[in-house]
Number of protein chains: 2
Amino acid sequence: MRISEVAAMSGLTIDTIRFYEKSGLCPAIDRDAGGKREFSSEDADWLCLLSSLRETGMPTGEMRHFAEMYQVGDATIPERKQLLLEHSDRLKDRRADLDQCEQLLAFKLARYDKILGGK
Amino acid sequence: MRISEVAAMSGLTIDTIRFYEKSGLCPAIDRDAGGKREFSSEDADWLCLLSSLRETGMPTGEMRHFAEMYQVGDATIPERKQLLLEHSDRLKDRRADLDQCEQLLAFKLARYDKILGGK
DNA sequence: TCTTGACATGGAGTGACTCCAGGTCGGTAC
DNA sequence: GTACCGACCTGGAGTCACTCCATGTCAAGA
């Protein structure tokens with residue numbers, strides 16, 4: 001796969017994908033004879049996962065750590081599992097933030113409607 | 001209220017509060033005789049709202065716009081309402097991102113458990 | 001009076017992109 | 001065969017939203 005295809009399916013921009021490779025957040029991507037990146041479907045899956053993780057607030061340091069453990073092999077699975085479980089907790093926190101913001105917005109909007117309705 | 005109290009109740013850091021004031025994301029804060037910021041409860045509420053909005057992904061440009069409209073007065077309420085409604089949509093998107101990530105994590109974790117259990 | 005702690009300022013540094021200038025390569029159009 | 005095009009490449013500068021730091025002020029307690 002070409003970089004533009006992976007960008008389309010992962011939701012990352014082409015620049016972000018190159019940035020992720022350069023900073024070791026994903027395994028190095030193979031190149032074709034002309035020097036262009038040639039993504040395996042495994043690479044593409046990896047970038048989709050990264051996209052989802054960053055969208056939900058995982059710092060890049062953690063993503064890099066995850067990529068490094070992946071390179072090492074199955075021996076790191078317990079550690080990788082731990083990292084994903086911790087991210088799971090982060091999702092809970094984010095959900096709570098969303099809930100709180102939603103309440104606040106509902107309150108504000110109700111006040112606005114009251115002011116507007118009273119006109 | 002002092003800046004440290006507002007930081008504690010809003011969840012923003014002291015630095016972030018100063019940064020928000022400097023960049024016009026909140027109305028200018030009154031100072032006491034010694035030049036220290038003296039926050040009204042209205043200021044504190046405002047910063048709590050900002051904290052919640054930024055936590056859920058509102059860009060600072062939008063927050064600034066919101067603050068400017070607030071300064072103008074009640075005439076801007078329809079526009080402010082619109083802005084909050086748009087942020088509400090953003091919350092929906094974020095929730096969808098969380099759901100998707102949760103599914104992905106569940107899938108990954110199940111695979112890890114399978115590998116670990118099969119040992 | 002001396003020290004401590006909370007505050008102030010301006011400016012440099014950081015994380016995570018994002019954009020740009022300038023260059024290569026493979027394919028179609030003339 | 002060469003002119004052009006679009007998609008790719010690289011290195012490096014720019015941006016956004018903080019975050020940290022050096023330095024300084026000031027009120028209050030020992």
Side-chain angles (χ1 to χ4, degrees), chain A residues 1-40 43-44 46-68 87 90 94 97 101, chain B residues 1-40 43-44 46-68 87 90 94 97 101:
Chain A
M1 278 177 112
R2 298 281 184 75
I3 196 167
S4 58
E5 294 175 85
V6 177
M9 75 176 270
S10 67
L12 299 169
T13 68
I14 289 178
D15 269 324
T16 301
I17 293 173
R18 289 201 269 250
F19 167 73
Y20 280 6
E21 189 195 11
K22 192 161 47 174
S23 9
L25 270 57
C26 63
I29 308 299
D30 287 346
R31 305 304 178 106
D32 69 11
K36 298 188 177 178
R37 290 175 182 81
E38 188 53 49
F39 294 78
S40 69
D43 293 332
W46 188 268
L47 286 160
C48 288
L49 176 61
L50 286 190
S51 173
S52 198
L53 293 175
R54 84 122 186 206
E55 207 72 46
T56 54
M58 181 180 283
T60 51
E62 227 161 281
M63 294 190 206
R64 181 164 24 251
H65 185 49
F66 191 62
E68 284 161 5
H87 189 62
R90 199 152 21 203
R94 295 241 148 187
D97 289 340
C101 188
Chain B
M1 279 178 111
R2 298 281 184 75
I3 197 168
S4 58
E5 295 174 85
V6 177
M9 74 174 271
S10 69
L12 299 168
T13 67
I14 289 179
D15 268 325
T16 301
I17 293 173
R18 290 201 268 248
F19 168 72
Y20 280 6
E21 190 195 8
K22 193 162 43 176
S23 9
L25 272 58
C26 63
I29 308 299
D30 287 347
R31 304 306 177 103
D32 69 9
K36 298 189 176 177
R37 289 175 183 81
E38 187 54 49
F39 296 77
S40 69
D43 294 332
W46 188 268
L47 286 160
C48 287
L49 176 62
L50 286 190
S51 173
S52 197
L53 293 175
R54 82 116 186 216
E55 206 70 48
T56 53
M58 181 180 284
T60 51
E62 229 161 280
M63 294 189 207
R64 179 163 25 250
H65 186 48
F66 191 61
E68 284 161 4
H87 190 62
R90 205 157 10 209
R94 295 242 148 184
D97 289 341
C101 188

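Naming: A, B, ... by sequence-line order, numbering from 1 per chain.
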Using a cut-off of under 3.5 Å, enumerate the N/O to N/O pairs linking the protein to nucleotides 8-13 of chain C.
residue : atom : partner : partner atom : Å
C/dA8   : OP1  : B/Arg37 : N            : 2.9
C/dA8   : OP1  : B/Arg37 : NH1          : 2.7
C/dA8   : OP2  : B/Arg18 : NH1          : 2.6
C/dA8   : OP2  : B/Arg37 : NH1          : 3.1
C/dA8   : O5'  : B/Arg37 : NH1          : 3.4
C/dT9   : OP1  : B/Arg31 : NH1          : 3.3
C/dT9   : OP1  : B/Arg31 : NH2          : 3.4
C/dT9   : OP2  : B/Arg37 : NH1          : 3.3
C/dT9   : OP2  : B/Arg37 : NH2          : 2.8

Flag side-chain contact, heavy atom, 4.5 Å: [X] against [Y]:
{"X": "B/Asp43", "Y": "B/Val6", "answer": "no"}
{"X": "A/Ser4", "Y": "A/Ile14", "answer": "yes"}
{"X": "B/Arg37", "Y": "B/Arg31", "answer": "yes"}
{"X": "B/Leu25", "Y": "B/Leu50", "answer": "yes"}
{"X": "A/Phe39", "Y": "A/Glu5", "answer": "no"}

[N] [atom2] sits how many Å from [X] [atom1], rounded?
{"X": "B/Asp32", "N": "D/dC26", "atom1": "CG", "atom2": "C1'", "result": "10 Å"}
{"X": "B/Leu47", "N": "D/dA17", "atom1": "CG", "atom2": "C1'", "result": "16 Å"}
{"X": "A/Ile29", "N": "D/dT10", "atom1": "CD1", "atom2": "P", "result": "12 Å"}
{"X": "A/Arg2", "N": "D/dA7", "atom1": "CZ", "atom2": "P", "result": "10 Å"}
{"X": "A/Asp30", "N": "D/dC9", "atom1": "CG", "atom2": "P", "result": "13 Å"}

Just distance, no hydrogens or angles: give the donor-acceptor pairs under 3.5 Å from side chains in residues 60-68 of chain B, sequence neighbours left out.
residue : atom : partner : partner atom : Å
B/Glu62 : OE2  : B/Arg90 : NH2          : 2.5
B/Arg64 : NH1  : B/Ser23 : O            : 2.5
B/His65 : NE2  : B/Glu79 : OE2          : 3.3

Think [X] has a side-chain N or O under 4.0 angstrom from the OP1 or OP2 of [N]?
{"X": "A/Ser4", "N": "D/dC8", "value": "yes"}
{"X": "B/Tyr20", "N": "D/dA17", "value": "no"}
{"X": "A/Thr16", "N": "C/dT18", "value": "yes"}

Practice prompt. Kindly state which residues belonging to residues 52-65 of chain B come within less than 4.0 angstrom of DNA chain C, counting heavy atoms of the residue only, listed by number.
Written response: none
Worksheet item: Is a donor on one side and an acceptor on the other found under 3.5 Å between the side chain of B/Thr56 and the backbone of B/Leu53?
Response: yes
Worksheet entry | Backbone of B/Met1 reached by a side-chain donor or acceptor of B/Glu38 within 3.5 Å | yes
Practice prompt. From the options D/dT19, D/dC8, C/dA6, select the nucleotide whose nearest atom is closest to the side chain of B/Phe19.
Written response: D/dT19
Practice prompt. Specify the closest pair of heavy atoms between B/Glu21 and B/Cys26, including all atoms of both residues, with the distance to one decimal.
Written response: CA-SG, 3.7 Å
